[in-house]
There are 4 protein chains.
Amino acid sequence: MSQRDDVLRDLVIGNRVLSNEGVVDAYGHLSARHPEAPERFFLSRSLAPEFVDLGDIIEFGLDGETATGDRRAPYLERFIHSSIYAARPDVMAVVHAHAEDVLPFGISKQPLVPVIHSGAFIGGEVPVWDIADRFGDETNLLVTNSEQGNDLAQRLGGNNVVLMRGHGFAAAAGSIVDVVRMSIYLPRNARALMNALRLGEVKPLSKGEIGARSRGGGYRPNSPETWRAWQYWAHRAGCGEMLPERPED
Amino acid sequence: MSQRDDVLRDLVIGNRVLSNEGVVDAYGHLSARHPEAPERFFLSRSLAPEFVDLGDIIEFGLDGETATGDRRAPYLERFIHSSIYAARPDVMAVVHAHAEDVLPFGISKQPLVPVIHSGAFIGGEVPVWDIADRFGDETNLLVTNSEQGNDLAQRLGGNNVVLMRGHGFAAAAGSIVDVVRMSIYLPRNARALMNALRLGEVKPLSKGEIGARSRGGGYRPNSPETWRAWQYWAHRAGCGEMLPERPED
Amino acid sequence: MSQRDDVLRDLVIGNRVLSNEGVVDAYGHLSARHPEAPERFFLSRSLAPEFVDLGDIIEFGLDGETATGDRRAPYLERFIHSSIYAARPDVMAVVHAHAEDVLPFGISKQPLVPVIHSGAFIGGEVPVWDIADRFGDETNLLVTNSEQGNDLAQRLGGNNVVLMRGHGFAAAAGSIVDVVRMSIYLPRNARALMNALRLGEVKPLSKGEIGARSRGGGYRPNSPETWRAWQYWAHRAGCGEMLPERPED
Amino acid sequence: MSQRDDVLRDLVIGNRVLSNEGVVDAYGHLSARHPEAPERFFLSRSLAPEFVDLGDIIEFGLDGETATGDRRAPYLERFIHSSIYAARPDVMAVVHAHAEDVLPFGISKQPLVPVIHSGAFIGGEVPVWDIADRFGDETNLLVTNSEQGNDLAQRLGGNNVVLMRGHGFAAAAGSIVDVVRMSIYLPRNARALMNALRLGEVKPLSKGEIGARSRGGGYRPNSPETWRAWQYWAHRAGCGEMLPERPED
């Protein structure tokens, strides 16, 4: 299989995992940059992630328009993806989702800080993008053009995650597996933080701990620990048989 | 298929979707106005929504009485539906449900305001109808005649949703798909709001944002986005095979 | 079928329903008074309610001892049941369970009051029985003899439900269907109340409303509304085929 | 079957039970001491607990290194297990998990105290181990060597459970069944406590009650009550057929 085939396979698995783990429902999407043509990315046509298969995936350019003349209805918010790929050459995969337990941190003033080791990717705290800041308070809150997408990407900056006020979040990472992992642990960190705040003062991860984990002290792509979770999520989502073979499995 | 057949099919799908998504259980119901005879509406006999099939659906008049002489036991609270259809010619479908996370807003003084884009249909805030205000504090809280139904419909006014103190809510919309969507997102908006309030001050959707979404900037019937959710919910509820065919699917 | 057979069948269905609805897990139990011999009652041997079948049911006397010489291990806490049947001739079925969302009201000072129409059976508020009040603070919290059971039954008094501090609750009703219904709606009322209290001042059901519902204005045994829920719960629990036939079904 | 075979079988069942009950996901692990060679213990290779089978189990020494030359990737945090077995000769089984509802008590100052009878094993309160106290604030929070493991074991002391700040918990008991039981009831006690604290002042179990339960007044290994839960959990996890036969079952 080519690198492209690997990415498309992981994109299908990732879509179903995100749905099965409750990160996306009928809405929300996962994309991946073309591994051999960095100015293009893959994203499903307008379809609930649970149903996404290889044939549903469309190739887009960094302007958010179809690169291959495909005429099927695309996601309205594909500009979230195109703008992040344009702004961040290091990013190979993007998730946009409305995961419920993340929403409170986009509409209150409490910062979403990392409090569990698996939430270290959050960094110091998650920035919040409010579409009203630049586009006024008469939008429909959706990111439906490159201007809005670019503004969101700017707020994301060099972070892994940005919250979108009254809407959801976007996550960006170096691989599909990694961005799926972040999208699953972001709501979990949010819940732990919400519950802990109700108990009183909370101790978040320290800068040193966040740094240690991001420097490879924690998550490493292709490690047995990473594979363990990917295999687990894929089996739970009913697509374990799509996984490539690995020694020992 | 006739328009009537389409409505009856969607009514069956909608019943099962509402049950599968946890909006209704043994109680709660979904109705639809007759598309060709606006003074009539369709509603199941007294049956848990999960089990509703075409043969269970009864035709009622706007007085809440059976229009066809059907003698099977009807829902006691069918007057919620008849009164709303009588008061609101624009309404083509109604849900009454007890969804758990909506209940707190009917028994406290905290208004249920929209805080997520998919909750924009809530409008400025959801009105609360307290049966005791007009009918005293010795009712059984159920809406079991037209007088109570009409009072509820009046409190609903031109809104999409009205809460019923100590009981649940009623939602009214221009189509079955739309009223089901509202009934699924109402509890989600309620949960996001409850959790955010515990974190401090909350920023709701602005009037402009609510307006932009209701003017078609957000949800549009028959759009790919609307269909995407309907298809997703129907498949999850195990009745995906009842869906009509659409291009690309 | 005899009345006894009907009760045994409902007892099996009720055990599985309570398990499937999350009211009991490996622990907790449902009993029913013998319909023809009021000084006896039926209760499973020591077994998780999900697995209870006709052959597991043992007949007990009002002293909590086996009435038929059955030597299989009984539940340690069968005295909850025997004592309530002894004290309350009107009671035909009893549940003891540890349902999680009811527990907070047994260990704090906030009374569990009815706030939703389906919680009207709670009455003015649920009494809390603290085993330490009479038996000191060195018990294992279980009700393992008639003395403790009688003390609990006394605290229950003429109510439908009593909370047990740090342990769970006991519910008593005129039929299996009714006690199962109460056991399912008690945690739901508890959750609605907990969430509403976090939003501020709460309006509970009025005395008049509680009275109206208990006088048959709300729940009536054998009504279509009652059957609707029993049928729904039984099907969800996988034992719908055990239900007796009814007209229209 | 030998004692060793019994332990290995229970270890497989226990892994799947912990996964099915939501205590572990892709991460977290269960080990058991070798019943005939107390300086060794059994632990799966790096694999999600849901998938663990007999062939995945590796034998380790009390230094956390493979005792049999097995070269498959082990869990990074096996030192949690080895250090506890080294420090506590009475301990026959250990769980490490990240169960979500326990996390708030590791990052706030609210002690996790027992409030329900099934949480009595918590003791007076659960100690919290903060890796930063001794190893500084630049670790990745994982326990990846014996020095860290020994420090954790020391904080555990003679208790059954220790929380790990920003990470999870470790539980230690005299049998696999017992440590699984503790791991399931720890989050439940945590939820009851969190909810009760929001209602006001809370009454925890008394010292006398904790003592009465730990002296066998509550949980007893091999009692019908213990077996009832083990059987229930195993069936729910889909491995009921692995259970040994018992009279009456």
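Scope of the values below: all heavy atoms of this structure, side chains included, with no hydrogens, waters or symmetry mates. Labels below follow one simple rule: chain letters A, B, ... track the order of the sequence lines, proteins then strands, and each chain is numbered from 1.
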*Is a side-chain N or O of D:Ser46 found less than 3.5 angstrom from the main chain of D:Ala73, in a donor-acceptor match?*
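Between the backbone of D:Ala73 and the side chain of D:Ser46 there is no qualifying donor-acceptor contact (under 3.5 Å).
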
Charged N to carboxylate O under 4.0 angstrom, [X] versus [Y]?
X: A:Asp53; Y: A:Arg16; value: yes
X: D:Arg78; Y: D:Glu65; value: yes
X: A:Glu209; Y: D:Arg165; value: yes

*List for me each residue that meets side-chain contact (heavy atoms from CB on, under 4.5 Å) alongside A:Pro89, sequence neighbours excluded, and say none if there are none.*
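By the side-chain contact (heavy atoms from CB on, under 4.5 Å) rule, A:Pro89 matches no residue at all.
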
*Which of these passes side chain to side chain contact (heavy atoms under 4.5 Å, CB included) with D:Phe135: D:Leu141, D:Asp130, D:Asp151, D:Val143?*
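The option that passes is D:Asp151.
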
*Would you please go through residues 94-113 of chain D and name the residues with a non-hydrogen atom below 4.5 Å from one of chain A, in numerical order?*
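At a heavy-atom separation under 4.5 Å, chain A is reached by D:His98, D:Glu100, D:Asp101, D:Leu103, D:Pro104, D:Phe105, D:Ile107, D:Ser108, D:Lys109, D:Gln110.
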
*Go through the steps to decide whether A:Glu21 and A:Arg236 satisfy the test salt bridge (charged side-chain N to carboxylate O under 4.0 Å, His left out), and finish with yes or no.*
CA-CA 9 Å; A:Glu21 299 294 328; A:Arg236 276 164 59 93; 2.9 Å; yes

*What part of A:Pro204 is in contact with chain D, defined as an atom under 4.5 angstrom from a non-hydrogen atom: side chain, backbone, both or neither?*
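Backbone only.
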
_Please rank A:Ala229, A:Ala120, A:Gly200 by heavy-atom pairs under 4.5 Å with chain D and give me the top one._
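It is A:Ala229.
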
_Check for me whether the distance between the ring centres of D:His34 and D:Phe42 falls short of 6.0 Å._
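Yes - the distance between ring centres of D:His34 and D:Phe42 falls below the 6.0 Å cut-off.
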
_Does any backbone or side-chain atom of D:Asp25 lie under 4.5 Å from a heavy atom of chain A? Answer side chain, backbone, both or neither._
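For D:Asp25, backbone and side chain are both near chain A.
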
_Between D:Ala48, D:Gly136, D:Gly168, D:Ala26, who has the most heavy-atom pairs with chain A when the cutoff is under 4.5 Å?_
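The residue among D:Ala48, D:Gly136, D:Gly168, D:Ala26 with the greatest pair count is D:Ala26.
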
